[in-house]
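Comments concern the structure below.
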Amino acid sequence: MTSEAAPAVTRILIVDDDALVRAGLSMMLAGVPDLEIVGEAADGADVPAMVESARPDVVLMDIRMPRVDGLAATEALRRRADPPEIVILTTFDTDDHVLRALRAGATGFLLKDTPPGDIVAAVRRAAAGEPILSPSVTRQLIAHVSDGDAGSRTQRAETQLAELSERELEVAIAIAHGRSNAEISAELFMSVATVKAHVSRVLTKLGLNNRVQIALLVHDAGLV
């Protein structure tokens with residue numbers, strides 16, 4: 001007699017200073033069998049201790065909070081040896097902060113008015129390490145940023161990407177276009193396992209945490 005393994009459960013920590021937002025997200029996600037809310041926090045200052053005790057797989061992180069904002073909390077979490085995936089909750093009036101959070105290692109972001117089904121799908125994608133960032137939204141965000149450092153950032157990105165082989169660069173550009181591993185496999189005529197190996201090498205060579213950072217670097221270099 002054989003028994004089927006129980007589906008993996010994704011553990012979620014919700015961080016937002018708005019009690020109504022926390023309650024709404026908790027009620028929505030609590031009804032999904034493969035998702036579990038393991039904690040809530042109202043400020044980024046409370047996040048390190050809660051992550052240590054609750055061990056979430058995914059943190060849904062607000063940006064604007066009274067003491068420690070989501071950007072600082074994201075940077076602190078990504079310095080951990082085994083950090084959870086982080087999804088930023090935001091609105092378009094925080095474009096520059098969103099990009100800084102993504103550069104710090106957040107897996108992606110959601111608008112607070114995202115439909116419930118899309119939030120559930122995004123949490124599952126984040127748990128799998130897949131970016132929650134469409135190319136069109138990336139372009140919108142980058143177009144809104146004016147930090148006076150575009151030229152030097154482009155030069156740094158070009159220098160970093162020059163370390164990649166031709167095939168690795170093709171994979172990096174496909175990632176920046178929002179392609180999944182399966183889509184890259186079909187587009188570049190290689191197996192999914194080979195795509196994963198290329199992605200791993202790109203991350204290692206560039207010293208990055210995730211696919212979102214690869215996409216942003218490619219955008220910085222002007223290749224998308």
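Because the structure is predicted, anything quoted here is derived from the model rather than measured.
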Does the D43 side chain pair with the main chain of R67, one donor and one acceptor, at a distance under 3.5 Å?
yes

Path from V21 to V68 over hydrophobic side-chain contacts below 4.5 Å:
no

Between atom CG of L25 and atom CD1 of I37, what is the distance when rounded to the nearest 0.5 Å?
7.5 Å

Between K205 and E163, does any side-chain N to carboxylate O distance fall below 4.0 Å?
no

Heavy atoms only: give me the nearest P56-P84 pair and the separation to one decimal.
O-CB, 3.4 Å

With no hydrogens and no angle check, just 3.5 Å: does a side-chain donor-acceptor pair link E36 and T10?
no

Rounding to 0.5 Å, atoms CG (L223) and CG (L161) come to a distance of 6.0 Å

Shortest non-hydrogen separation from V212 to G108 and the atoms involved
CG2-N, 4.4 Å

Work out which heavy atom in A41 is nearest to a heavy atom in R22; give both atom names and the distance.
O-CD, 3.5 Å

Using every non-hydrogen atom in the two residues, find where A42 and P66 come nearest and quote the distance to one decimal.
O-CD, 4.3 Å

Rounding to 0.5 Å, atoms NE2 (H198) and CD1 (I175) come to a distance of 11.0 Å

Run the side chain to side chain contact (heavy atoms under 4.5 Å, CB included) check on V123 and V87 step by step: do they pass?
CA-CA 8 Å; V123 169; V87 178; 5.9 Å; no

Strictly distance-based, threshold 3.5 Å: is any side-chain N or O of T154 a donor or acceptor partner for the main-chain N or O of D220?
yes

Give the C-alpha distance, both sets of side-chain angles, the deciding distance and a yes or no for side chain to side chain contact (heavy atoms under 4.5 Å, CB included) between E40 and L13.
CA-CA 6 Å; E40 297 181 18; L13 172 64; 5.6 Å; no

Supply the atom-to-atom distance T107 OG1 to N210 CG, rounded to the nearest 0.5 angstrom.
5.5 Å

Where do S165 and E168 come nearest, in terms of heavy atoms and distance?
N-OE1, 2.9 Å

Side-chain contact, heavy-atom cut-off 4.5 Å: R64 with D17?
no

When you group the ILVMFWY residues by side-chain heavy-atom contacts below 4.5 Å and let the links chain together, are V192 and V202 in the same group?
no

Say whether I14 and V38 are linked into one hydrophobic cluster, either directly or through other cluster members, by side-chain heavy-atom distances under 4.5 angstrom.
no

Expected output: side-chain E52 to main-chain A49 donor-acceptor under 3.5 Å
no

Without swapping roles, check the side chain of E158 against the backbone of Q155 for a donor-acceptor pair under 3.5 Å.
no

Please report the shortest heavy-atom distance between A157 and A221, naming the atom on each side.
CB-N, 3.7 Å

Is the number of heavy atoms from other residues, nucleotides or ligands within 6.0 Å of NZ (K196) greater than 12?
no

Enter the distance from I119:CD1 to L60:CG here, rounded to the nearest 0.5 Å.
8.0 Å

Is any side-chain heavy atom of V51 closer than 4.5 Å to one of R80?
yes

Thinking salt bridges, do D34 and R124 make one under a 4.0 Å N-O criterion?
yes

Rounded to the nearest 0.5 Å, what's the gap from CG on L71 to CG on D62? Could you check?
12.0 Å

Quick one, I88 with T74, criterion side chain to side chain contact (heavy atoms under 4.5 Å, CB included). Give me CA distance, side-chain angles, the key distance, then yes/no.
CA-CA 9 Å; I88 300 295; T74 295; 3.6 Å; yes

Beyond-backbone contact of D57 with I12, side-chain heavy atoms, under 4.5 angstrom
no

Report yes or no: does T194 contribute a side-chain atom to a donor-acceptor pair with the main-chain N or O of M190 at less than 3.5 Å?
no

Heavy atoms, side chains only, cut-off 4.5 Å: are L164 and L206 in contact?
yes

Please answer whether the main-chain N or O of I173 pairs with a side-chain N or O of R179 as donor and acceptor at a distance below 3.5 Å.
no

We want to know whether R211 and N181 form a side-chain donor-acceptor pair, criterion being a heavy-atom distance below 3.5 angstrom.
yes

Please confirm whether the backbone N or O of R55 pairs with a side-chain atom of R11, one donor and one acceptor, at under 3.5 Å?
yes

Main-chain N/O of M61 paired to D16 side chain as donor or acceptor, under 3.5 Å:
no

